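Each remark here refers to the structure printed beneath this line.
Only heavy atoms go into these numbers, but all of them, side chains included; no hydrogens, no water, no symmetry mates. A quick note: this is a predicted structure, and the numbers were derived from the prediction, not measured.
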Amino acid sequence: MALRLYNSLTRRVEPFTPADPERATMYLCGPTVYSFVHIGNARGPVVFDVLVRLLRRKYRLVYARNITDVDDKINAAAAEAGVPIADIAAKYAAIYREDMARLGVAPPDIEPLATGHITPIIEMCENLIASGHAYAADGHVLFDVARFGDYGKLSGRSVDELIAGARIDVAPYKKNPADFVLWKPSTPELPGWDSPWGRGRPGWHIECSAMAAAHLGETIDIHAGGVDLVFPHHENEIAQSTCAHAGKTFARFWLHNGMLTFDGAKMSKSVGNVKQLHALLQRHPPEALRYALLSAHYRQPLDWSEALIEQSVATLDRLYGALRDLEDVDVLPADERPDIESHEAVKELEAALLNDLNTPEALVALAKLAFQARQGSRDDKRIAKAALLAGGAKLGLLQQAPESWFKRGSERVDAAQVETLIEARRAARAARDFARADAIRDELAAMGVAIEDGPQGTRWKIAN
RNA sequence: GGCCAGGUGGCAGAGUGGUCAUGCAGUGGACUGCAAAUCCACGUACGCCGGUUCGAUUCCGACCCUGGCCUCCA
């Protein structure tokens, strides 16, 4: 079965194969590091992480996710904090990497920084001026949208409409209201680099074009990002890159994830309805946040709520419960194991992912795997456990020890004391002193510990 | 206003022209000293109005509603 992906460019689901059968390339628009990101900003990295895992199974993948470390918002944050711009960028980039890791997002192969690509950015500007697609004016370099016939193709709008419908004050140096900045001047306080047009800094869109070309080549297989980047960011990237590369296709597939909403509106810093990822990670199991982000199809909107997180925790309890019940079941070594990929539910899971990353359906298959893992003979269970783990790995789930899932945050409780109480309760039960046994259970519950009596004795976990 | 997505059972959320999503929650049962976990069972869901069809939640049209982009934005 082949991978099929919805391509925003054609508005259809299309079979995907890389242009070079040996090497696939993918670029994801990464964060501007001026502050903490919110959970909505994590949706793309998480869902496309599932795609990255899939592509790596099939191809040699080169995956780039940039960091925008020069931007007006960073300048503002630095000015407010009274520290150098680079400090702000470095701080929030580091937090971003840590938080992504906690969400189980595999690091990209390349993490280019805008400030590390000033030369190729300037070269691209020069190139575009030389070919007549851009012009310098008043210290700026602007892209001349009238010179690119396909402008608006991705976002489905016409240049004429964009010109007619300009809502903002049009800068006097623009030939055309829809023209956008490739390079702009800097004041002495702001970060800047020497250029043929004076000291300045790059516009927002050009960095992605320059970095994608520098690391992945002039034509890339997949370019991904949030649907809110379609216009103008991705439209402008296409214009720049296509014109700078003599009309070559910039990205063959454009993938866009839907927005996270909160309180009925798109989660957005400007609206103010955001949930910081960093803060959520303090309060909830990171894996539950990942599960929640995968619980809807990536192109659909997803409404964020406490209930969604709790539901995700409950579901993971069940999945990890299956693994915990199989803790003493050995997974056969890879070379002795039957082909896990031919396991029915694993095939279903893979098929769901191949079908335009249908993660909700993949999660159904995962639930099925967990159910099956508890059934059957011991030999069946060895296979089922391996299948469950393999299915989880495709989604970046279920990769921690069940004990660490159930005893997460157990620094707050004294494990030795818990064990002592459980032993006391065992003795009370043996003496049929159930009042005492129940009192001990209540005491444990008050500590935030839930217990389960099973055939092999009593086990405990942190209560939800 | 233009362009683009959606409206599915208490909640989340796939999918399909004609038996079943699934998960969470709930209810009943089994198991348990009691619980928990697990297993079994249950709930006549597809915005509204027409049309096509033997049959539509699924196709077509109108309408209502919601969200996104059109400005920084994942």
Side-chain angles (χ1 to χ4, degrees), chain A residues 8 11 28-32 34 37-48 65 71-73 152 155-158 161-162 164-169 178 204 224-235 256-261 264-271 274 277 291-305 307-319 321-322 324-325 348 352 355 358-368 370-371 374-375 406 428-429 432-435 437-438 441-442 445 450-455 458-461 463:
Chain A
S8 302
R11 294 156 212 266
L28 174 66
C29 288
T32 300
Y34 67 100
V37 298
H38 59 72
I39 183 71
N41 294 304
R43 189 178 192 189
V46 167
V47 299
F48 295 126
R65 186 186 67 206
D71 173 270
D72 288 345
K73 287 178 178 170
S155 56
R157 51 201 86 195
S158 74
E161 279 170 19
L162 288 165
R167 300 197 319 200
I168 47 175
D169 292 338
W204 172 38
V227 71
D228 55 349
L229 296 185
V230 170
F231 189 90
H233 186 53
H234 290 163
E235 195 71 72
H256 291 104
N257 62 276
M259 297 292 100
L260 220 62
T261 59
K266 172 187 168 184
M267 191 180 286
S268 153
K269 279 177 185 156
S270 50
V271 177
V274 299
L277 172 61
Y291 188 100
L293 290 173
L294 295 176
S295 68
H297 183 82
Y298 77 96
R299 286 192 280 114
Q300 295 300 122
L302 173 60
D303 191 50
W304 192 258
S305 65
L308 179 67
I309 303 172
E310 284 161 21
Q311 204 166 284
S312 302
V313 169
T315 305
L316 283 166
D317 271 343
R318 188 177 166 81
L319 297 174
R324 185 180 54 178
D325 285 348
E348 285 172 22
N355 181 22
N358 194 332
T359 53
E361 213 165 76
L363 291 172
V364 167
L366 200 64
K368 192 183 278 188
F371 175 77
R374 296 201 215 246
Q375 317 295 125
F406 285 112
R429 291 177 73 214
R432 302 195 66 76
D433 181 356
F434 296 120
D438 290 350
R441 183 165 57 200
D442 290 346
I451 57 171
E452 295 169 19
D453 297 326
T458 299
R459 59 193 180 188
W460 64 278
K461 64 174 185 175

Between the protein and nucleotides 3-11 of chain B, which nitrogen or oxygen pairs come in under 3.5 angstrom?
residue: B:rC11; atom: O2; partner: A:Gln311; partner atom: OE1; Å: 3.2

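- Rounded to the nearest Å, the gap between the P atom of B:rC24 and that of B:rU58 is 29 Å.
- In this structure, the CG atom of A:Asp325 is 12 Å from the P atom of B:rA37, given to the nearest Å.
- When each of B:rC69, B:rA74, B:rG67 is scored by its nearest atom to the side-chain atoms of A:Thr261, the top-ranked nucleotide is B:rG67.
- For A:Lys73, taking side-chain heavy atoms from C-beta onward, the closest of the listed nucleotides B:rC69, B:rG13, B:rC72 is B:rC72.
- B:rC59 and B:rG2 have their C1' atoms separated by 27 Å, with the value rounded to a whole Å.
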Practice task
If a protein heavy atom is under 4.0 Å from the base, mark B; if only from the sugar-phosphate, S; if neither, -; do that for nucleotides 29-36 of chain B going 5' to 3'.
Solution key: ----BBBB
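- A:Gly321 comes within 4.0 angstrom of no nucleic acid atom, judged by non-hydrogen atoms across all strands.
- The CD atom of A:Glu348 sits 13 Å away from the C1' atom of B:rG15 (whole-angstrom rounding).
- Straight-line distance between the C1' atoms of B:rA12 and B:rC46: roughly 15 Å, to the nearest whole Å.
- Contact annotation for A:Leu28: no contact, since no heavy-atom pair falls under 4.0 Å across all strands.
- Using P as the reference atom, B:rG23 and B:rC39 are 10 Å apart when rounded to the nearest Å.
- B:rC60 and B:rU71: their P atoms are spaced 32 Å apart (whole Å).
- Here the side chain of A:Cys29 is nearest to one of B:rA74, B:rG13, B:rC24, namely B:rA74.
- At whole-Å resolution of the value, CZ in A:Arg318 and P in B:rA12 are 21 Å apart.
- For RNA chain B, runs of at least 3 consecutive pairs of the Watson-Crick or G-U wobble type, with both hydrogen-bonding distances under 3.5 angstrom, map to B:1-7 with B:64-70, B:10-12 with B:22-24, B:26-30 with B:38-42, B:49-51 with B:59-61.
- A:Gly226 comes within 4.0 angstrom of the backbone, heavy atoms only, and of no base.
- Within 4.0 Å (heavy atoms only), A:His233 reaches no atom of the nucleic acid at all.
- The nearest whole Å value for the distance from the CD atom in A:Gln375 to the P atom in B:rU38 is 12 Å.
- Nucleic acid contact for A:Lys269: none, since no nucleic acid atom lies under 4.0 Å from a heavy atom of the residue.
- Rounded to whole Å, the distance from CG on A:Leu366 to C1' on B:rA21 is 16 Å.
- The distance between atom CG of A:Asn257 and atom P of B:rC69, rounded to the nearest whole Å, is 13 Å.
- Nearest-nucleotide mapping onto RNA chain B: of A:Asp71 and A:Leu363, the residue sitting toward the 5' end is A:Leu363.
- In this entry the distance linking NE2 of A:His297 with P of B:rG15 reads 7 Å, nearest Å.
- Comparing B:rG61 with B:rC48, their C1' atoms sit 13 Å apart, to the nearest whole Å.
- With B:rA14, B:rA74, B:rA37 as the choices, the nucleotide that has an atom nearest any side-chain atom of A:Arg374 turns out to be B:rA37.
- Atom CD in A:Glu361 sits roughly 8 Å away from atom C1' in B:rA21 (whole-Å rounding).
- In terms of position on RNA chain B, the residue among A:Val227 and A:Gly258 whose nearest nucleotide sits closer to the 5' end is A:Val227.
- Using C1' as the reference atom, B:rG51 and B:rU19 are 27 Å apart when rounded to the nearest Å.
- Across all strands, A:Phe371 comes closer than 4.0 Å only to sugar-phosphate atoms, never to a base (heavy-atom distances).
- Taking the C1' atom of each, B:rG43 and B:rU27 are spaced 9 Å apart, rounded to whole Å.
- Distances shorter than 4.0 Å separate some side-chain N or O of A:Lys266 from OP1 or OP2 on B:rC69.
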